[in-house]
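Right, one structure below, let's go through it.
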Amino acid sequence: MTSLAVRCLTRLTRPSPRRTSPCAISSDFSQHFFPITATPSCAPPARASASHAPSLPVMAQPEWRAPPALSEPTQQQLPKLSIYNSLTRSKTPFVPLDTAGKKVGWYACGPTVYDDAHLGHARNYVSTDIIRRILQDYFKFQISFVMNITDVDDKIILAARQQHLLSQWLARHSSIDNDVRETTKQAFAAYLEKNLPLLGKDVAPEAYKGEAEKAYGHVLKGESIDRQGPPGDKEAKIKMHLKTAQSASQALSLPDSSSLDDFAAEASGVLFPHVDALEKHTVSGKDHDIFTKLTKRYEQRFFDDMKALNVRYPDKLTRVTEYGPQIVDYVKRIEDNGFGYENEGSVYYDTTAWESSGGVYARLEPWNRNDKELQADGEGSLATKKTGFKRSGADFALWKASKEGEPSWSSPWGEGRPGWHIECSAMASDVLGKQFDIHSGGIDLAFPHHDNELAQSEAYWYEKGCNHDQWVNYFLHMGHLSIQGSKMSKSLKNFTTIREAIAKGDWTPRGLRIVFLLGNWRDGLEITGEVVKAGKAWEEKLDNFFMKVKDIQRRTQGANGVTNDLEDMSLNGKDAAASGIDTALAEAQSKFHDALCDSFDTPTAMRVISDLITAYNSATNVPSSSSISIGKWLTDMVVVFGLDADHQEGQMGWSGVDIPDHAKPFVYPLSQLRDQVREQAKAGSIVPETFGKLDDFDTTNAGSEPFANAAADFQRKLHQLIESGAAPKDYLAACDHLRDSVLWDLDIYLEDRDAEKLPALVRPLSSSLREERQNREAAAASKAAAKEKAKADAETAEKKRLEAGKLSHLEMFRTSEYSEWDAEGLPTKDAEGKEVAKSKGKKLRKDWERQKKAHEAYLAATGKA
């Protein structure tokens with residue numbers, strides 16, 4: 001089936017000179033990440049202006065005008081925040097347009113919805129959500145976050161129409177008849193001719209596999225198509241086409257009695273474009289339901305995925321199909337302002353006229369201005385049209401005349417539809433007005449999409465005789481997620497959908513977000529084993545810390561949440577320890593703030609958190625009040641980062657570090673009883689009367705019965721041991737069984753802390769604990785297997801040794817090699833009757849003596865001695 005391209009990540013572009021290569025995250029996350037090479041964090045910034053813009057090469061010199069100066073009191077209230085701004089290609093002090101310095105208008109390029117979102121989309125939208133949360137929850141800006149849904153463009157039109165027409169075509173058949181087979185063979189041939197030219201259209205389906213191996217075997221083995229360099233997007237696309245054709249050839253090998261649905265599922269990849277070419281003329285441009293039926297479904301699935309990833313819903317959501325008339329008016333005004341012209345029902349932006357008026361085109365990526373491939377990608381289906389009418393090669397479509405089978409809206413230029421770029425300009429301008437603060441999207445949108453947006457929006461708001469107004473002050477572009485060197489893309493089909501990744505357990509929403517936080521939001525990121533390892537290590541470090549602090553909180557605070565100072569001092573005590581760890585907390589808070597001020601430098605912020613926990617774990621005699629203070633601050637910061645979708649106000653730590661509520665009434669008392677039993681057993685003195693009597697547990701709460709049974713069974717076991725007069729080691733064995741089997745099977749682990757002289761830590765089982773136990777058991781099993789093998793080898797060797805002694809030493813030399821022997825069976829003459837030489841006789845005697853011992857051992861072992 002076709003695929004959802006969230007436009008911000010799925011358009012294929014060549015990397016610009018500015019774009020960074022995918023980064024690898026070190027497995028040692030406390031040492032890692034991406035060094036910041038710009039100005040020091042949060043240094044008091046001088047207000048930028050056009051005359052103080054950063055120096056850049058002449059061809060790439062950006063035109064950027066700083067936002068208007070705020071009043072001095074307001075300026076003092078603003079955080080010293082700098083943001084990497086694609087408009088300046090540098091870190092720029094962030095100053096909102098709002099005169100009060102509070103409100104921030106933000107427009108984000110949303111998804112193009114025609115299939116499920118993949119992990120590449122997660123990279124864009126989760127990273128955007130992280131920055132949004134930092135601005136809103138940490139820096140306390142009032143964000144108006146607007147996102148669009150692209151529910152009409154070339155990809156959607158094609159996908160929706162193909163699915164509609166194939167569905168209708170299949171409905172006219174009830175089985176795999178001759179028409180189905182012949183049409184599919186034609187579709188197969190057309191697909192090969194268009195997409196796999198080294199094969200051509202005459203390859204028979206039954207011969208496809210062998211011919212494909214001959215023509216493209218080197219690509220399947222990981223080489224580039226021309227064998228000149230490493231494989232990339234082109235090779236990924238070839239592999240996709242090979243797989244589609246292989247699937248169709250398998251469909252054509254199915255017997256006629258097979259299910260038509262099964263046949264269509266295998267052959268749909270080649271049938272989609274073929275049936276579409278045959279029947280698209282039957283689709284009416286005014287029948288928008290054909291197209292929105294698909295997009296409505298995948299819009300809902302997209303937001304379901306975003307909710308699963310704890311991505312906040314937009315404050316305002318706009319859809320292209322709901323903006324048809326407004327977009328027509330928008331294009332008309334650009335044309336009326338003198339920056340657009342019509343050709344055969346389509347309207348094009350006049351870049352020459354814009355620049356003649358003093359405007360700048362391609363401000364974000366001027367080096368890509370004449371890139372024909374990127375221009376064609378931006379034009380979509382119009383890219384195949386002859387362009388001799390264009391006034392400049394850089395001109396692009398604002399409005400497209402609708403072709404056969406495409407949706408249409410009425411306009412002064414005839415039936416048509418919006419160009420790709422104009423939709424965002426019209427919707428953002430409608431909601432946020434003539435100028436707003438932030439525009440964001442994937443890095444591949446910088447050119448042509450955002451550059452074209454800028455030019456056409458400023459042309460729309462242009463007033464003759466006035467200066468050109470800057471439409472957007474800050475552009476934020478998120479880095480790509482790549483796999484094996486290629487951008488993760490629906491069009492390449494080298495992706496894993498978000499819901500697949502979560503359902504399979506490959507990722508958790510928290511784990512994925514941690515990986516994105518460990519990398520810089522604007523850098524490319526390739527998921528490798530080291531990246532996964534770093535993310536898991538960071539998460540486990542926080543898990544362990546939160547479990548310890550929650551345990552301290554539970555032991556030292558009463559029901560009203562107030563710290564018991566006496567217990568606190570008796571547990572921990574020293575003022576010097578409090579001073580040291582409190583200083584570490586203050587320093588961490590300062591460094592964390594500086595990192596976020598430095599263009600949302602989350603890698604550094606994550607390292608600050610990790611280093612603080614390392615310092616805490618290394619400290620001794622830390623007062624519980626200091627532990628809880630650190631716990632509360634870290635809780636607030638992970639919530640700011642969106643790492644806990646289930647966070648409750650006042651909750652310490654994040655979800656997943658506590659056992660279920662319905663288990664607590666049984667497991668906590670059970671753990672305390674076990675601690676008491678272990679302490680007495682280790683001391684060698686069991687005091688039965690301290691264990692209490694058998695309790696009658698209430699199991700009315702849902703899910704509580706297994707935990708109640710565990711508590712009751714342990715108490716019964718204790719009484720059995722008491723009655724039998726068991727030794728202390730038997731009590732210890734019962735305690736270990738409770739920890740390692742009973743509670744383990746209930747996903748709870750009791751972590752004994754004898755060295756710290758603390759009660760066992762009650763914690764939920766983690767993946768690392770399970771993995772550690774599996775490795776330990778695997779090692780034990782391997783050791784046992786090696787021992788068994790050694791034993792078997794020894795037995796085999798012994799058997800072989802004994803077998804060798806079966807032959808009597810008296811008979812061992814009575815062979816044709818000799819003709820006479822003495823009474824002991826030693827040869828005296830060889831086969832020719834010659835005397836055996838003395839030297840050889842000595843050697844034969846040694847062999848005889850060895851065999852004698854072996855034979856005697858054999859006789860002894862077999863009872864024949």
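Note: hydrogens, waters and symmetry copies are ignored here, and every other heavy atom, side chains too, is used.
- Contact between Ile176 and Pro255 at its shortest, heavy atoms only, is CD1-O, 3.8 Å.
- Tyr349 places a side-chain N or O within 3.5 Å of a backbone atom of Ala455 that can act as its donor or acceptor partner.
- Taking the six-membered ring for Trp, Tyr348 and Trp399 have ring centres at least 6.0 Å apart.
- Across Ala117 and Phe302, no two heavy atoms sit closer than the pair CB-CD1, 4.1 Å.
- Taking all atoms of both residues into account, the shortest heavy-atom contact from Ala251 to Arg181 is O-NH1, 4.5 Å.
- Counting only distance, with no hydrogens or angles, the side chain of Arg417 and the backbone of Ser402 share no donor-acceptor pair below 3.5 Å.
- Within the 4.5 Å cutoff, side-chain heavy atoms of Glu406 are placed close to those of Arg161.
- The shortest distance between side-chain heavy atoms of His647 and Ser655 does not fall below 4.5 Å.
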Under the side-chain contact (heavy atoms from CB on, under 4.5 Å) rule, what do Tyr125 and Met147 come out as? Steps first, then yes or no, please.
CA-CA 11 Å; Tyr125 294 107; Met147 177 186 282; 3.7 Å; yes
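- When all heavy atoms are compared, the tightest approach of Val113 to Thr295 is O-CG2, 3.3 Å.
- Taking the six-membered ring for Trp and thresholds of 30 and 60 degrees, His449 and Trp420 have nearly parallel ring planes, at less than 30 degrees apart.
- Put simply, the side chain of Gln456 gets close to the backbone of His421: a donor and an acceptor are under 3.5 Å apart.
- A salt bridge links Lys400 and Asp154; the closest N-O separation between the charged side-chain nitrogens and carboxylate oxygens is under 4.0 Å.
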Does the pair His450 and Cys109 meet the rule for a side-chain contact (heavy atoms from CB on, under 4.5 Å), with working shown?
CA-CA 10 Å; His450 287 159; Cys109 279; 3.3 Å; yes
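- Closest of all the heavy-atom pairs between Ser410 and Val328 is O-CG2, 3.8 Å.
- For Glu373 and Lys234, the salt-bridge test fails: no basic side-chain N is under 4.0 Å from an acidic carboxylate O.
- Other residues, nucleotides and ligands contribute only 12 or fewer heavy atoms inside 6.0 Å of the NZ atom of Lys243.
- Looking at Phe263 and Val180, their side chains come closer than 4.5 Å, going by heavy atoms from C-beta outward.
- Using a 4.5 Å heavy-atom cutoff, the side chains of Ile149 and Tyr298 are not in contact.
- Judged as a salt bridge (charged side-chain N to carboxylate O under 4.0 Å, His left out), and not counting sequence neighbours, Glu342 has no contacts.
- Taken from CG in Leu294 to CD1 in Ile157, the straight-line distance is 12.0 Å, to the nearest 0.5 Å.
- Note that the CZ atom of Phe600 and the CG atom of Leu517 stand 13.0 Å from one another [nearest 0.5 Å].
- Remark: side-chain polar atoms of His274 are not paired, donor with acceptor, to backbone N or O of Leu271 under 3.5 angstrom.
- Between Cys424 atom SG and Ile327 atom CD1 the span is 9.0 Å, to the nearest 0.5 Å.
- Contact check for Leu525 versus Val515: side-chain heavy atoms found under the 4.5 Å cut-off.
- The side-chain hydrogen bond (donor to acceptor under 3.5 Å, both in side chains) contacts involving residues 245-255 comprise Ser247-Glu266, where partners must be two or more places apart or lie in separate chains.
- With salt bridges taken as basic N to acidic carboxylate O contacts below 4.0 Å, none links Arg319 and Asp151.
- The cationic atom of Arg132 (NZ for Lys, CZ for Arg) does not lie both less than 6.0 Å from the six-membered ring centre of Trp106 and within 45° of the ring axis.
- Just one of Thr318, Thr321, Thr150 meets the side chain to side chain donor-acceptor pair (under 3.5 Å) condition when paired with Glu423; it is Thr150.
- Annotation: side chain to side chain donor-acceptor pair (under 3.5 Å) contacts of Tyr191 (sequence neighbours excluded): His241.
- The two residues Pro407 and His288 come nearest to each other via the heavy atoms CB-CD2, 4.0 Å.
- Evaluation of the side chain to side chain contact (heavy atoms under 4.5 Å, CB included) rule for Asp287 yields Ser284, Asp289, Ile290 as partners, not counting sequence neighbours.
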Step by step, work out the salt bridge (charged side-chain N to carboxylate O under 4.0 Å, His left out) result for Asp129 and Arg513.
CA-CA 10 Å; Asp129 183 71; Arg513 187 173 285 248; 2.9 Å; yes
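- A donor-acceptor pair under 3.5 Å is absent between the side-chain atoms of Ser167 and the main chain of Gln163, judged by distance alone.
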Val320 vs Met427, side-chain contact (heavy atoms from CB on, under 4.5 Å): CA-CA, chis, key distance, verdict:
CA-CA 8 Å; Val320 180; Met427 291 185 287; 3.8 Å; yes
Which donor-acceptor pairs under 3.5 Å do side chains of residues 305-313 form with protein atoms, sequence neighbours excluded?
from, atom 1, to, atom 2, distance (Å)
Asp305, OD1, Arg499, NE, 3.1
Asp305, OD1, Arg499, NH2, 2.9
Asn310, OD1, Arg133, NH2, 3.4
Asn310, ND2, Gly642, O, 3.0
Arg312, NH1, Asp137, OD1, 3.4
Arg312, NH1, Asp137, OD2, 3.2
Arg312, NH2, Asp137, OD2, 2.6

Mind running side chain to side chain donor-acceptor pair (under 3.5 Å) on Ser429 and Tyr330 for me, showing each step along the way?
CA-CA 10 Å; Ser429 295; Tyr330 204 91; 3.0 Å; yes
Please report the C-alpha distance between Lys293 and Arg297 in whole Å, then the side-chain angles of each, then the deciding distance to 0.1 Å, and finally whether the side-chain contact (heavy atoms from CB on, under 4.5 Å) criterion is met.
CA-CA 7 Å; Lys293 179 181 179 181; Arg297 177 190 177 202; over 6 Å; no
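- Aromatic ring orientation, Phe436 versus His439: tilted (interplanar angle from 30° to 60°).
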May I have the step-by-step check of side chain to side chain donor-acceptor pair (under 3.5 Å) for Asp430 and Tyr323, ending in yes or no?
CA-CA 10 Å; Asp430 180 66; Tyr323 266 78; 2.6 Å; yes
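- Two residues are said to be in side-chain contact when any heavy atoms from C-beta on lie closer than 4.5 Å; Gln162 and Val275 fail this criterion.
- To the nearest 0.5 angstrom, Phe396 atom CZ is 13.5 Å from Ser346 atom OG.
- Residues Ile131 and Trp521 meet the side-chain proximity criterion, which asks for heavy atoms closer than 4.5 Å.
- In this structure, Trp169 and His173 have tilted ring planes: the angle between them lies in the 30° to 60° band.
- We find the CG-NE2 distance between Asp444 and His480 to be 3.5 Å, quoted to the nearest 0.5 Å.
- Here the OG1-CZ distance, from Thr128 to Arg123, works out to 9.5 Å after rounding to the nearest 0.5 Å.
- In this structure, Pro231 and Val219 have side chains that are not in contact, with every pair of non-hydrogen atoms separated by 4.5 Å or more.
- A search for salt bridge (charged side-chain N to carboxylate O under 4.0 Å, His left out) contacts involving Lys332 returns Asp336, not counting sequence neighbours.
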